Amino acid sequence: MMDSSFFFGISTIAYFLAMVTYITYLGFKKKQIGLVATAITITGFVSQTIALVLRWKEFYAIEKSFLRAVPLTNLYESLIFFVWCLILAYLVIEFKYKNRSFGAFITPVAGLALAFIDLSGMSKSIEPLVPALQSNWLLAHVMMSFISYSMFGISFSTGLMYLIVRTEKRNEPAYIFWTVMLSIFIIVLAAMGLDFLTFKVGGQSQQQFLKSYLFKATFRNSSGFVESASWVVSAFFIFLVWRYGGIMKKVIKGFNISAEILDEITYKLIAIGFPIFTLGGLIFGALWANQAWGKYWSWDPKETWSLITWFLYAFYLHSRLMRGWRGKKVAMVAVIGFVAVIFTYLGVNLLLSGLHSYGSQ
Amino acid sequence: MEKAKNKTITDRIWGLFASIKFAVVIFSLIALTSIVGTVIEQNADPAKNLKILAKFVGKSGAPAAYSVLDKLGFMDMYHSWWFVTFLLLFAANLIICSLDRIPRIWKIVREPIRPLSPEHVARMSIRSTFTVKAKPAHVKDIATKAFRKIGFRPSESSSESGVQLYAEKGNFTRLGVYITHSSILVILVGAIIGVAFGFNGYLALQEGKMSPFAYQSSDKRIPLGFDVRCDKFEAQFYGDTDMPKSYKSWLSIWKNGVEVAKKTIVVNDPLTYNGITFYQASFGTVEDNLENGIVMLRLVAKDGKSQDFNTRLGGSFTIPDSGIEGRITNFSPALTVDRSGKPFTYNQNMVNPAIFVEFSAPGGKHYSGWIFKRFPQTWDLPDGSKVEFLDYWGVQYTGLQVRKDPGQGIVYVGCFILAFGLFVSFFMSHRRIWMNIVEEKGGTKILIGASAHRNRAAFEKKIEKLAAALGSGQKGE
């Protein structure tokens, strides 16, 4: 059947194919291969767009309001939209900077995320809106938040790449910073992957999965042995990344992207993402909160964390524009900024409680 | 060195507040303490936070950690004196660092663009030189038009070396940062006004009841200046599920015994009267009031004739033209059946209300059963008549958030200025162009110098367009 999940499937496959092609392109540096990679990515993007529109239509049949039928009301839908924004932003960068090297990084992230969403057994059903979400602010607030998140996401990876390229010695703070950050990022993803796998095997209930099973396969395992082994393996992994980080540098240097361009892309993305985040995330969020909860700001964990995120990116912009800080210091701020974004988006829902609990369903 | 020594204390404080370092310290203090505030649930039951703390310091350490954090104000930290101080320091930092820099920026904004020497023009960040075969006067005419075409109105100055056209746009955009900064101050002022002159209260209002007050806490009540009445409350659900579709309160405002306003409010659509706003926040059942509630029924006879009938728990009714008598003997706010088919109440809120009715029909027949408000299939009786359970009125209360915030308008204005300021700061720039037109043998030499204090790449394209209009491509020099 040609429903939304059919097209999501096509996109998943397309993104993986695109990854293979981008990597081949990096290996052979043939223009034709690059064009094919771009074409495949665009195919995946178009297919995902169709899927989103279809889902919007399916939802519209229930909600009867265009603005409120936006497919962004649970974790499943928001992750898919995040991937969509990521690919869109990537394609814009590819055309603007005429550089395909990031493709090998972004497409696997997109493909993995979509596959992950599909395999995890996250609730895909379209559910009607609970009273608090029945507002026309839904579209603007959630959509703009995710657009800015995806820009911050790419600035995170370009910032990290910048640090990888620019650091020399193993005892340099910036080097330690990026190796630890990258390894923690990979460890968390791997641990969550293991959670999903054991969850699939165990077949527990789906709804409460994320909240109750996060890291249960590893760091929060009931067996003390598995728990301590997870910590040891993680520490060892961080050590390995730290010890052999130089290899990453060689790989990225082979991409033909100068450190200056990485710095510029990081800045540009934040300079566009920050106003969108301020307007859509904070201001529209406040206006909506005032209408729904009778308070434009209530220091709810999600609000507080988005304020922290906002502070971090404001700091990034000020230190770059005012102090003329360039390079490693600001790149580290950009990386930390996205860690705050992830916590605002997922961490708050998974670990803390508050008014904004829609995303965890 | 001398100068540094002569600094007065005011200068030093000023310097401290204007520094980025100070801003970073304040940013970090606000951010780090806020993180603690998101982990510890604010204004929550102590037991809840003890449980949270136990995860960090263990069960035995939790009470001690709790009492320390409690004394420091972390249980309601966003209203603690020290957090408010951080916010005020942040505001002071914003004001002083802006005031510190504004005079310099203001000078650039106010001072009109002036002609520049050729050496200066040649050193601008965007530049282009070329020669065309035309008379300078002709070139000047074309150039003036080309300036207009890209949206600039050039001024002109002549010297012995030739003519210079120069123009600027968007000089005020340099103030974007300060517009943004001031908007944050406006928002803070609005918030302070809201806290000082407004209130935030709660009101649980039973169906049919009226209140001249809202409550800030159980012992602090705030007079509203009018009466608010809850005419009815209803929670609606999607289909057969318990997924809430809407929470509706029918509210009316009364003054001196006269109804002056009414509105059906739902979440996201409050009622405002006299600057006081009522938001749908929660609901519940007044359990000790069940016997006073009114059971509203519609009795439908076999031939379709219907009659509305109100009674109470324990009350009786007769279905017209049938001689069937019913007596309501039990009520459940939310009824379901367990696996063995035994009915039980699963929620104290009126999520799925049902009444138990014992019938006695002519001929000595007796039967009984549960009649659900949400399930019409339970309304039919064996002989074809129907008992529709419309409502059980007067036992639910609506939980209203009651708020007066005279600072809200100011906060909204601040938000608008913030959006505007950000737009100006990130998407606009101060752009300047100088163009020297100098006669040479057999042609005219054109020298363009331009600058944009932001988004230079976009402006470079415009300058290319300007140069192309003058024929820069014809003679590649």
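Quick caveat: nothing in here was measured; it's all calculated off a predicted structure.
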TODO: Compute the ring centroids of A:W297 and B:Y78, then answer whether they are less than 6.0 Å apart.
DONE: no
Open item on the list: Quick check on the 6.0 Å ring-centre criterion: do A:F315 and B:F27 meet it?
Closed with: no
- [ ] Report yes or no: does A:Y296 contribute a side-chain atom to a donor-acceptor pair with the main-chain N or O of B:V411 at less than 3.5 Å?
- [x]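 No, the answer is negative, given that no donor and acceptor are paired below the 3.5 Å cut-off.
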Task: Region of A:N136 in contact with chain B, defined by heavy-atom distances below 4.5 Å - done: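 Contact with chain B: none, neither part.
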Open item on the list: Can you tell me which portion of A:L317 sits under 4.5 Å from chain B's heavy atoms? Options are side chain, backbone, both or neither.
Closed with: side chain
- [ ] Would you kindly say whether B:N268 and A:W288 are connected by a side-chain donor-acceptor distance under 3.5 Å?
- [x]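 Indeed, the side chains of B:N268 and A:W288 share at least one donor-acceptor pair under 3.5 Å.
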With a 4.5 angstrom heavy-atom cut-off, which part of [X] approaches chain A: side chain, backbone, both or neither?
{"X": "B:A191", "value": "both"}
{"X": "B:Q42", "value": "neither"}
{"X": "B:F423", "value": "neither"}
{"X": "B:V266", "value": "neither"}
{"X": "B:F278", "value": "neither"}
{"X": "B:F90", "value": "side chain"}
{"X": "B:I35", "value": "both"}
{"X": "B:A281", "value": "neither"}
{"X": "B:V24", "value": "side chain"}

Task: Within 6.0 Å of NZ in B:K404, more than 12 heavy atoms from elsewhere - done: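 No, not enclosed.
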TODO: Check the surroundings of atom CH2 in B:W82: do more than 12 heavy atoms from other residues, nucleotides or ligands lie under 6.0 Å from it?
DONE: yes
Pairwise distance [atom1]([X]) to [atom2]([Y]) - rounded to 0.5 angstrom:
{"X": "A:Q291", "Y": "B:Y279", "atom1": "CD", "atom2": "OH", "result": "8.5 Å"}
{"X": "B:K245", "Y": "A:Q134", "atom1": "NZ", "atom2": "CD", "result": "8.5 Å"}
{"X": "A:L282", "Y": "B:L418", "atom1": "CG", "atom2": "CG", "result": "8.5 Å"}
{"X": "B:T38", "Y": "A:W305", "atom1": "OG1", "atom2": "CH2", "result": "6.0 Å"}

Open item on the list: Can you tell me which of A:L129, A:T278, A:L279, A:L312 forms the most heavy-atom pairs within a distance under 4.5 Å of chain B?
Closed with: A:L129
Task: Contact leader toward chain A among B:I187, B:N200, B:V402, where contacts are heavy-atom pairs under 4.5 Å - done: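 The answer is B:N200.
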Task: Selection from B:M77, B:Q408, B:Q280 maximising heavy-atom pairs under 4.5 Å formed with chain A - done: B:Q408
Shortest non-hydrogen contact from [X] to [Y]?
{"X": "A:P131", "Y": "B:P244", "value": "CD-O, 3.4 Å"}
{"X": "B:S34", "Y": "A:T304", "value": "CB-CG2, 3.3 Å"}
{"X": "A:A271", "Y": "B:F426", "value": "O-CD2, 3.4 Å"}

- [ ] Decide yes or no for A:I283 and B:F416: does some side-chain heavy atom of the first lie under 4.5 Å from some side-chain heavy atom of the second?
- [x]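 Answer no - side chains too far apart.
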Open item on the list: Would you call the rings of A:W299 and B:F83 parallel, tilted or perpendicular, taking 30° and 60° as the class edges?
Closed with: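 The rings of A:W299 and B:F83 stand perpendicular, inter-plane angle above 60°.
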Open item on the list: As a quick check of understanding, evaluate side chain to side chain contact (heavy atoms under 4.5 Å, CB included) for B:Y412 and A:N290, giving each step before the final call.
Closed with: CA-CA 11 Å; B:Y412 282 8; A:N290 195 24; 2.5 Å; yes
